[in-house]
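What follows is a short report on a single structure.
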Amino acid sequence: MLYPVMLLGIGFLTACLLMAMLTPLIHERAVRLTVRRLSSRRPRSVIDRRAHEDQLRAQFAVSVRRLETAVEDAQAKTAGQLCDTAKKSAEIHRLKTELRQRNIVILRFQARELMRRSMTRTIVKMLVFLFERSQRQSERAQPAPVLRVREVRKSALRVVSAA
């Protein structure tokens with residue numbers, strides 16, 4: 001039982017020794033690749049640095065200009081919509097005014113019609129009254145059938161209700 005444990009310990013120590021030998025090589029390679037990557041991103045000279053800054057400024061100016069054109073387009077679209085809204089509002093106001101005027105004309109005609117009906121009824125009632133009065137006066141002079149007066153009154157009331 002002691003022999004397998006010793007072999008296991010020797011294997012572990014050998015692996016640790018190999019790792020201790022290979023670790024600096026792996027570390028150096030990782031450092032070298034990282035430095036190479038960082039140096040490729042960084043401008044090497046003052047001219048390259050200025051060119052990079054100019055490129056960033058140009059990209060910023062382009063993005064600002066795109067934003068300005070988008071804002072101008074939105075403002076133009078809003079102005080167009082406001083103009084359309086104002087036109088439609090004016091049209092609605094005009095139509096409402098026309099509607100009010102027509103309603104006034106309709107009410108005037110209705111009032112005239114009511115007045116005409118009222119006057120017609122009054123005239124018919126007066127005619128019936130005068131007819132009955134003349135009938136009464138003629139009855140005093142000569143007796144006449146009462147049925148005829150009632151028929152005239154009913155027909156006059158039919159005419160008044162039809163008007």
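Below, all heavy atoms of this structure are taken into account, side chains as well, without hydrogens, waters or symmetry copies.
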Evaluate Leu56 against Gln59 for side chain to side chain contact (heavy atoms under 4.5 Å, CB included), listing each step before the verdict. CA-CA 5 Å; Leu56 289 176; Gln59 289 174 352; 3.9 Å; yes
Not counting sequence neighbours, which residues clear salt bridge (Lys or Arg N to Asp or Glu O under 4.0 Å) with Glu28? List them please.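 Salt bridge (Lys or Arg N to Asp or Glu O under 4.0 Å) list for Glu28, sorted by chain: empty.
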Results of salt bridge (Lys or Arg N to Asp or Glu O under 4.0 Å) for Asp54 - residues two or more places apart only: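 Applying salt bridge (Lys or Arg N to Asp or Glu O under 4.0 Å) to Asp54 gives Arg57.
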Can you find a pair of side-chain heavy atoms, one from [X] and one from [Y], that are under 4.5 Å apart?
X      : Y      : value
His93  : Lys96  : no
Arg65  : Glu68  : yes
His52  : Asp48  : no
Gln110 : Leu107 : yes
Arg100 : Asn103 : no
Phe129 : Lys125 : no

Taking ILVMFWY side chains as joined if any heavy atoms are under 4.5 angstrom apart, and letting links pass through other members, which residues group with [X]?
X      : answer
Leu95  : none
Met115 : Met119
Leu25  : Leu22
Phe60  : Val64

Rounded distance (nearest 0.5 Å) linking atom [atom1] of [X] with atom [atom2] of [Y]:
X      : Y      : atom1 : atom2 : answer
Leu13  : Leu8   : CG    : CG    : 9.5 Å
Thr97  : Ile92  : OG1   : CD1   : 11.5 Å
Arg121 : Arg116 : CZ    : CZ    : 9.5 Å

More than 12 foreign heavy atoms under 6.0 Å from CZ of Arg66: is that the case here? no
Between Glu113 and Arg117, does a salt bridge (Lys or Arg N to Asp or Glu O under 4.0 Å) hold up when you go through it step by step? CA-CA 6 Å; Glu113 179 66 19; Arg117 285 183 184 177; 3.3 Å; yes
Check this for me, if you would: do Arg94 and Glu91 make a salt bridge, where the nitrogen-to-carboxylate-oxygen distance has to be below 4.0 angstrom? yes
Using modelled atom types only, decide if a donor and an acceptor are shared between the side chain of Ser89 and the backbone of Thr85 within a distance under 3.5 Å. no
